[in-house]
Amino acid sequence: MTLGGVRRPATIGRYLASIAHLHRAAGLAFDRAHPEITQRLRGVRRRLGVRQRQARGLCWDEILRMLPGDPPDRPPYEPLWERLRSDERGALKAAARLAWLSDLRDRALLLVAYETLCRRAELVALRVEHLHRGADGVTVFVERAKNDPEGEGRHRPLRRRTVAALDAWLAAVDWSERERLRQDGRSRATVAAAPSVVASGPLFRSIHRAGRVRDAALPASRVPVILKRLGTEAGLDPEAVAGLSGHSTRVGAAQDLRRSGASVLDLQAEGGWRDPRMPGRYTARIDAAHGAMARLARIQEGEDDGQGDT
């Protein structure tokens with residue numbers, strides 16, 4: 001069976017890398033430069049092209065549209081619910097907790113994803129211990145990345161809006177655990193003395209449908225689901241929502257950086273890219289709009305002072 005008709009060249013390249021790795025692990029030879037392999041790959045590239053499909057970027061103006069509104073400090077329970085049967089009351093309170101916790105988590109997640117330029121796997125691997133608060137502000141340490149298997153890591157700064165969203169989410173996680181203890185019949189003194197559950201552990205956690213925060217980290221597969229839900233609720237175009245993925249905040253942040261005047265080297269430092277071609281693909285349209293021919297057109301049409309972009 002040939003993969004050339006159903007897989008893109010980059011995907012086939014990843015398959016070959018995995019096959020070569022398994023051969024090396026087994027002490028067997030595998031020559032990726034064998035003429036038959038290289039000729040077939042060359043044919044696939046010529047037939048399908050090497051351009052990869054790109055996730056739609058989520059830029060800052062859309063991030064602001066998608067942010068859930070400021071949730072209250074506690075779940076919005078209605079006083080009238082106390083008149084209902086215990087099972088009905090319990091179901092309504094669980095739904096209210098679930099919506100409240102989800103809004104707080106997703107607000108923080110959206111902001112952190114954009115500011116850190118994290119891939120989705122890196123985002124859900126962040127831990128509370130990775131937050132560092134100092135005189136210079138708050139940073140989060142991205143411990144590992146796809147191209148950093150040894151865990152050298154990188155520090156990413158967080159703006160005040162993001163820190164406030166994270167603090168609100170972590171306070172809700174702590175409240176959720178203490179509420180569980182109260183419902184289990186623990187005394188007020190025991191609940192008050194219980195250690196905080198947000199001193200360590202995953203920064204972004206799963207939420208049970210009963211409105212309780214789990215100990216486990218949010219699965220990476222849920223990140224694009226959350227982004228698409230937020231995009232739909234914000235009224236983004238359905239086609240735009242369909243193009244969102246776990247990389248969309250990373251792509252959008254790179255595009256915003258480029259528009260602000262950041263160089264490709266700046267993008268590599270901010271996003272942890274080792275190869276300049278990847279951020280270059282994300283910002284290709286922006287670069288074209290500010291390239292030499294675009295500057296010449298503005299000068300010729302009297303739309304530029306002749307200085308051009310710097």
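Note that these values count all heavy atoms, side chains included, but never hydrogens, waters or copies made by symmetry.
The minimum heavy-atom distance between Pro224 and Gly246, with the atom names listed, is CB-N, 3.7 Å. Taking each heavy atom of Ala254 and Trp273 in turn, the nearest pair found is CB-CH2, 4.0 Å. In plain terms, the two heavy atoms of Gly272 and Arg154 that are nearest each other are N-NE, 4.1 Å. Taking both residues in full, the closest heavy atoms of Arg178 and Ala192 are given as NH1-O, 3.8 Å, listed atom of the first, atom of the second, then distance. Nearest heavy-atom pair across Pro68 and Asp103 is CG-O, 3.9 Å. Across every non-hydrogen atom of Ser221 and Val225, the tightest pair is O-CG2, 3.7 Å.
Contact of the Arg229 side chain with the Thr232 side chain is not registered, since no non-hydrogen atoms from C-beta on lie closer than 4.5 Å. Within the 4.5 Å cutoff, side-chain heavy atoms of Leu170 are placed close to those of Leu203. Between Met66 and Leu58, the closest side-chain pair of non-hydrogen atoms falls below 4.5 Å. Between His23 and Ile19 the shortest side-chain heavy-atom distance falls below 4.5 Å. Contact annotation: the side chain of Tyr282 approaches that of His247 to within less than 4.5 Å [non-hydrogen atoms, C-beta and beyond]. Counting only heavy atoms from C-beta outward, the side chains of Leu230 and Leu244 never approach each other to under 4.5 Å. Using a 4.5 Å cut-off on side-chain heavy atoms (C-beta onward), Arg250 and Leu117 make contact.
Taking the six-membered ring where tryptophan is involved, the planes of His155 and Phe141 are tilted, since the angle between them lies from 30° to 60°.
In the displayed structure, Asp215 atom CG is contacted under 6.0 Å by at most 12 heavy atoms of other residues, nucleotides or ligands. Around atom CG of Asp87, more than 12 heavy atoms belonging to other residues, nucleotides or ligands sit under 6.0 Å away.
Residues Leu111 and Leu64 fall within the same hydrophobic cluster, defined by Ile, Leu, Val, Met, Phe, Trp and Tyr side chains chained together at heavy-atom separations under 4.5 Å. Hydrophobic clustering places Val138 together with Trp169 (ILVMFWY residues linked when any side-chain heavy atoms are closer than 4.5 Å, directly or through intermediates). When hydrophobic clusters are built by joining Ile, Leu, Val, Met, Phe, Trp and Tyr residues whose side-chain heavy atoms come closer than 4.5 Å, directly or via intermediates, Val213 is not grouped with Val191. Using a 4.5 Å cut-off between side-chain heavy atoms of Ile, Leu, Val, Met, Phe, Trp and Tyr, with links allowed through other members, Leu131 and Val197 fall into the same hydrophobic cluster. There is a path of hydrophobic side-chain contacts, each under 4.5 Å, that joins Val128 to Val140.
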Steps toward side-chain contact (heavy atoms from CB on, under 4.5 Å) verdict (Arg214, His208): CA-CA 7 Å; Arg214 298 180 185 270; His208 190 272; 2.8 Å; yes
Full working for side-chain contact (heavy atoms from CB on, under 4.5 Å) between Asp70 and Arg107: CA-CA 9 Å; Asp70 292 331; Arg107 181 184 180 86; 3.1 Å; yes
Derivation and outcome, side-chain contact (heavy atoms from CB on, under 4.5 Å), residues Arg105 and Leu218: CA-CA 10 Å; Arg105 181 198 62 194; Leu218 181 74; 3.5 Å; yes
Steps toward salt bridge (Lys or Arg N to Asp or Glu O under 4.0 Å) verdict (Arg159, Glu115): CA-CA 8 Å; Arg159 69 184 79 191; Glu115 276 205 270; 3.3 Å; yes
Check against salt bridge (Lys or Arg N to Asp or Glu O under 4.0 Å), Arg133 and Asp167: CA-CA 12 Å; Arg133 303 171 191 263; Asp167 287 344; 2.7 Å; yes
Salt bridge (Lys or Arg N to Asp or Glu O under 4.0 Å) assessment of Asp184 paired with Arg186: CA-CA 6 Å; Asp184 286 347; Arg186 307 293 178 86; 5.1 Å; no
side-chain contact (heavy atoms from CB on, under 4.5 Å) between Ser176 and Glu179, intermediate numbers included: CA-CA 5 Å; Ser176 176; Glu179 179 70 5; 5.7 Å; no
Evaluation steps, salt bridge (Lys or Arg N to Asp or Glu O under 4.0 Å), between Glu82 and Lys93: CA-CA 10 Å; Glu82 299 305 321; Lys93 287 188 173 182; 3.1 Å; yes
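Remark: Arg65 does not engage Glu62 in a salt bridge, criterion side-chain N to carboxylate O under 4.0 Å.
The line from CG of Leu67 to CG of Asp106 is 10.5 Å long, rounded to the nearest 0.5 Å. A distance of 15.0 Å separates CZ in Arg212 from CZ in Arg205, rounded to the nearest 0.5 Å. For the atom pair Leu166 CG and Arg161 CZ, the distance stands at 13.5 Å (nearest 0.5 Å). Rounding to the nearest 0.5 angstrom, the gap separating the CD atom in Glu129 from the CD atom in Glu143 is 9.0 Å. Interatomic distance, Arg258 CZ to Asp287 CG, rounded to the nearest 0.5 Å: 4.0 Å. The OG1 atom of Thr116 lies 6.0 Å from the CG atom of Leu123; values are rounded to the nearest 0.5 Å.
At least one donor-acceptor pair closer than 3.5 Å links the side chain of Ser248 to the backbone N or O of Ser245. With hydrogens and angles ignored, the 3.5 Å screen pairs no side-chain donor or acceptor of Thr283 with any backbone N or O of Ile286. Side-chain atoms of Arg156 do not come within 3.5 Å of backbone N or O of Val142 as any donor-acceptor pair.
Sorted by first then second residue, the ring-ring contact (aromatic ring centres under 6.0 Å, His included) pairs that include residues 61-116, not counting sequence neighbours, are Trp60-Tyr114, Trp100-Trp175.
A side-chain contact (heavy atoms from CB on, under 4.5 Å) with Val112 is found for exactly one of Thr249, Val163, Thr162, namely Thr162.
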